[in-house]
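Residue numbers start from 1 in every chain, and the chains themselves are labelled A, B, ... in the order their sequence lines are given, proteins ahead of strands.
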2 protein chains.
Amino acid sequence: MKQFIPLTDVTRTKNATNEEIPLQSKLETYEAKFKALADQKRLYILHLLVQQNSSCVCDLSELIDMPQSKLSYHLKILLDAGLITKETKGTWSYYQVNTEEINHLLSPELCCLFRPSCG
Amino acid sequence: MKQFIPLTDVTRTKNATNEEIPLQSKLETYEAKFKALADQKRLYILHLLVQQNSSCVCDLSELIDMPQSKLSYHLKILLDAGLITKETKGTWSYYQVNTEEINHLLSPELCCLFRPSCG
DNA sequence: ACAGTATATCAAGTATTTTTGATTAAAGGA
DNA sequence: TCCTTTAATCAAAAATACTTGATATACTGT
């Protein structure tokens, strides 16, 4: 599995050990993040997750009317891209939007789509 | 071909005729835009375009070392998503980044990747 | 221990996207 | 006019991504 690199580390242009991050690896990271966003179903999952604040797969599965295996597949893509986080409690997996990451990536007006209050 | 809808019309939540834009059609628009960004080659093309300010296909083709037909294919995807604009002069097609659209879509720090000066 | 629930993963099939090389059309210059 | 350049499009092949249904694992409650 591809390792999740936080956006802050990419936009800063230098990583923790003060080395320049080459353009190529920046583009790879962005590609993965935009790929994760490049799907209506996943955008809708993000939208639902924000409104629920935190939700397990089975609850989401009913909200979005999507078979469990399909939902897990899409959640994994969002997770690997660092756009959501996962916390496991017993057999349940609770997913949450990684707001900080979304804010680093998207414009304020677009982030709005992923906030509880506004449309 | 899918019609380009400016982001402003989507984030405003109402269109010109004051009708609510349903979530579904917003998500469709975003999906198209993120799909266009979800590719290393296209991100690099955007990056080059910003630095050149304006460039024709043949010049870009040398900069990026990519066959012409492939480049035209990717440029069309960016164009259809409204992320770049095209101006034809004789046999030449000059492409340019649609800065306004990029600014509406991406965070200020990310937009930085698509500005002449910074990284 | 047993039955039931939650979720991840797998393999196969399907669909979509990308690449490639060729062709076409339109414009410029000798 | 004829040759060259520019760039869009096309069709086929190759590569990716998504869907589906089944299976496996781990936990819950009785």
Handout entry: side-chain N/O A:K89 vs C:dA6 OP1/OP2, d < 4.0 Å
Key = no

Exercise for the section: Quick one: label A:Y95 by what it contacts on the DNA or RNA (base, sugar-phosphate, nothing), any heavy atom closer than 4.0 Å. Expected result: sugar-phosphate

Practice task
Remember a base hit wins even if backbone is also touched, and classify B:L60 as base, sugar-phosphate or nothing at under 4.0 Å, heavy atoms.
Solution key: nothing

Fill in the blank from the handout: Looking only at D:dT6, C:dT17, D:dA17, the nucleotide nearest the B:W92 side chain is D:dT6

Exercise for the section: Take atom CD of B:E62 and atom P of D:dA7, then tell me their distance rounded to the nearest Å. Expected result: 11 Å

Practice task
Find the distance A:Y73:OH to D:dT23:P and express it as a whole number of Å.
Solution key: 22 Å

Practice task
Would you state whether a donor and an acceptor, one from the side chain of B:Q68 and one from the base of D:dA8, lie under 3.5 Å apart?
Solution key: yes

Practice task
Look at all strands and tell whether A:L79 reaches a base, only sugar-phosphate, or nothing, counting heavy atoms closer than 4.0 Å.
Solution key: nothing

Problem - D:dG21 phosphate, OP1 or OP2, under 4.0 Å from A:K70 side-chain N/O - result: no

Practice task
In whole angstrom, give the distance that lies between atom CZ of B:F34 and atom P of C:dT17.
Solution key: 17 Å

Handout entry: Side-chain N,O (A:H74) to OP1/OP2 (D:dA17) below 4.0 Å
Key = no

Problem - D:dA17 phosphate, OP1 or OP2, under 4.0 Å from A:K35 side-chain N/O - result: yes

Handout entry: Side-chain donor or acceptor of B:H47 paired with backbone N/O of B:L113 under 3.5 Å
Key = yes

Practice task
Specify the separation, in whole Å, of atom NZ of A:K86 and atom C1' of C:dT7.
Solution key: 8 Å

Exercise for the section: Would you mind reading off the distance between B:M66 atom CE and D:dA7 atom P, rounded to a whole angstrom? Expected result: 15 Å

Problem - A:T91 side chain near D:dT28 phosphate (N/O to OP1/OP2, under 4.0 Å) - result: no

Exercise for the section: Please check the phosphate of D:dA8 (OP1 and OP2 only) for any side-chain N or O of B:S93 closer than 4.0 Å. Expected result: yes

Exercise for the section: Have a look at B:S69 and say if it touches a base, only the backbone sugar-phosphate, or nothing, with a 4.0 Å heavy-atom cut-off. Expected result: base

